[in-house]
Amino acid sequence: MDKIGTYIMPLAILGILCFGFAKKTDVYSSFISGVKEGFSSVASIFPALFALFLAVGVFRASGLVDLITRLISPLTNAIGFPSELVPFALLRPVSGSGSLAMASDIFSKFGPDSFEGMAVSVMMGSTETTFYTTAVYFAASGTKNIRHTLKCALIADLFSMAVSIIVCRIFYAP
Amino acid sequence: MLGIVWIAIMVGSFVYACTTGSVAALGDALFDSASSCVTFILEIGAYMIMWSGFMNVAKTGGLTEKLAKFMSPVITRIFKGVKKGSEELKLICTNLSANMLGLSNAATPLGMSAMKKLSEKSINNTATNNMCMLAVINCASLQIVPSTLIAMRSAHDSVSAASITVPIWITSLITVIFAVLITKLCEGRDIHG
């Protein structure tokens, strides 16, 4: 199973290049304009990412993360959720940059290949910044009453976190 | 909202550090985080730029439309009243396929157009069932190649950075199915104009 993951990037890139060539597009200039677009989106996420790295840094250094983790651990242990991941799970639907910063913090603390690192990766990859996404989409249509949207999206996030842990337990028994 | 969260974390941490006497550590932490953020953006930024280049090749070749066509039979079943060959269907499908390909720069404007189109059937600025469904599905991410995450993991010296791909597929797929079901379960009758 690990093999599929390892081969996905090189195979995807090969596939994309062949696809672009077969469709008779100018592959090189498409690549260049994509790079340009990527460069500006990296530049645009930097300020928020910087702000949230600082926040996560002091959050960890002050001992507040450990306090929250300790307080919540009886509950999370009972349901089998790693308590170290609770601050990440809380921040995930609120802030994309914040959860990137938090995930990076967990990678430095436990390592990306530890159970915590794997679990945080799967959680990150299978959820979105729910509050932001909903706000942007409904602002576009000028909708005031969004009915059951937020409730359902947050329940789905919670469900996704639980499934992430179960899937990680199956794949990487700790 | 994010502004409040940011202030709360910052001030909360400083206040808590005062009570435990670890204020001195915070100065170092600020500096360390600032410099690790710069290192981080250089590492994952390089990867994101490269990926954005390759994905633009796919986009120019029309991969988004291909994937959109492929998923449209499923979409007409999930979104009630969205007809085959309609503008809404095309927008919804290209929005979702751009998201699956990780083209978030393209996906967001498409999703906004889809939402606007769907809102033509809404009254009193109230979301229709279809609008709620579109938002919920977009909140449950389904990405074929989780490129930013792979970049982040290799920046942290993972021995197999991409090994999380299959677990992410499984989790995402289960979540999207669950999200559609729970939204169907919660939705009441539409008040159509």
Exercise for review: Check whether A/S29 gets within reach of chain B through its side chain, its backbone, both or neither, counting any heavy atom under 4.5 Å.
Suggested key: neither

Review point. Using non-hydrogen atoms only, which part of A/D157 is less than 4.5 Å away from chain B: side chain, backbone, both, or neither?
Key: side chain

Review point. Which residue out of B/A17, B/C132, B/A29 racks up the most heavy-atom pairs below 4.5 Å with chain A?
Key: B/C132

Practice item. Give a yes or no on this: more than 12 heavy atoms of other residues, nucleotides or ligands lie within 6.0 Å of atom NZ of B/K80. Key: no

Point to revise | Flag if over 12 foreign heavy atoms under 6.0 Å of CZ, A/F46 | key: yes

Check your understanding: What are the two closest heavy atoms between A/G125 and B/S141, and how far apart are they?
Key -> O-OG, 3.1 Å

Check your understanding: Is there a path from B/I168 to A/M9 through hydrophobic residues (I, L, V, M, F, W, Y) whose side chains come within less than 4.5 Å of each other?
Key -> yes

Study note, to complete from the structure: The interface call for A/I32 against chain B, heavy-atom contacts under 4.5 Å, is neither

Point to revise | B/T165 vs A/Y7 side-chain heavy atoms within contact, under 4.5 Å | key: no

Check your understanding: Top residue by heavy-atom pair count (under 4.5 Å) with chain A, among B/K116, B/R153, B/M115, B/M112?
Key -> B/R153

**Study point:** Interatomic distance, B/L30 atom CG to A/F53 atom CZ [nearest 0.5 angstrom]
**Key:** 13.5 Å

Exercise for review: Pick one of side chain, backbone, both or neither for A/K24, based on which atoms fall under 4.5 Å of a heavy atom in chain B.
Suggested key: neither

Check your understanding: Cluster question for you: counting only ILVMFWY and a side-chain heavy-atom cut-off of under 4.5 Å, with indirect links fine, are B/V38 and B/M152 together?
Key -> yes

Revision key, fill the gap. A/Y137 and B/A107 have their tightest heavy-atom pair at OH-O, 3.8 Å

Exercise for review: Sort out for me which of B/S104, B/A135, B/C186 touches chain A most, counting heavy-atom pairs under 4.5 Å.
Suggested key: B/C186

**Study point:** Top contributor to chain A interface from B/V57, B/V136, B/V23 [non-hydrogen pairs under 4.5 Å]
**Key:** B/V57

Practice item. Go through the atoms of A/A162 and report whether side chain, backbone, both or neither lie under 4.5 Å from a heavy atom of chain B. Key: neither

Review point. Given that the side chain runs from C-beta out, which part of A/V122 has a heavy atom under 4.5 Å from chain B: side chain, backbone, both or neither?
Key: both

Exercise for review: Take atom CZ of B/F178 as the centre, draw a 6.0 Å sphere, and report whether it contains more than 12 heavy atoms from other residues, nucleotides or ligands.
Suggested key: yes

Review point. Given a strict heavy-atom distance threshold of 4.5 Å, which part of B/F40 is in contact with chain A: side chain, backbone, both, or neither?
Key: side chain

Point to revise | ILVMFWY cluster, B/I137 and B/L91 together (side-chain gap under 4.5 Å) | key: no

Review point. Chain A heavy atoms under 4.5 Å from B/P167: which part of the residue, side chain, backbone, both or neither?
Key: both

**Study point:** Under 4.5 Å from any heavy atom of chain B - which part of A/A12
**Key:** side chain

Review point. With a 3.5 Å cut-off and no angle check, do the side chains of B/T126 and A/R147 form a donor-acceptor pair?
Key: no

**Study point:** Atom group of A/F59 that falls short of 4.5 Å from chain B, counting heavy atoms
**Key:** both

Revision key, fill the gap. Per-residue tally against chain A (heavy atom, under 4.5 Å) across B/A179, B/C18, B/A58 peaks at B/A58

Revision key, fill the gap. The interface call for A/I16 against chain B, heavy-atom contacts under 4.5 Å, is both

Exercise for review: Please determine, among B/L185, B/I144, B/N129, B/I7, the option with the most heavy-atom pairs under 4.5 Å with chain A.
Suggested key: B/N129

Review point. Considering only heavy atoms, which portion of A/S126 lies under 4.5 Å from any heavy atom of chain B: side chain, backbone, both, or neither?
Key: both

Review point. Measuring heavy-atom distances to chain B, does A/T127 have an atom under 4.5 Å in its side chain, in its backbone, in both, or in neither?
Key: backbone

Review point. Can you find a side-chain donor-acceptor pair between A/S33 and B/N56 that sits under 3.5 Å?
Key: yes

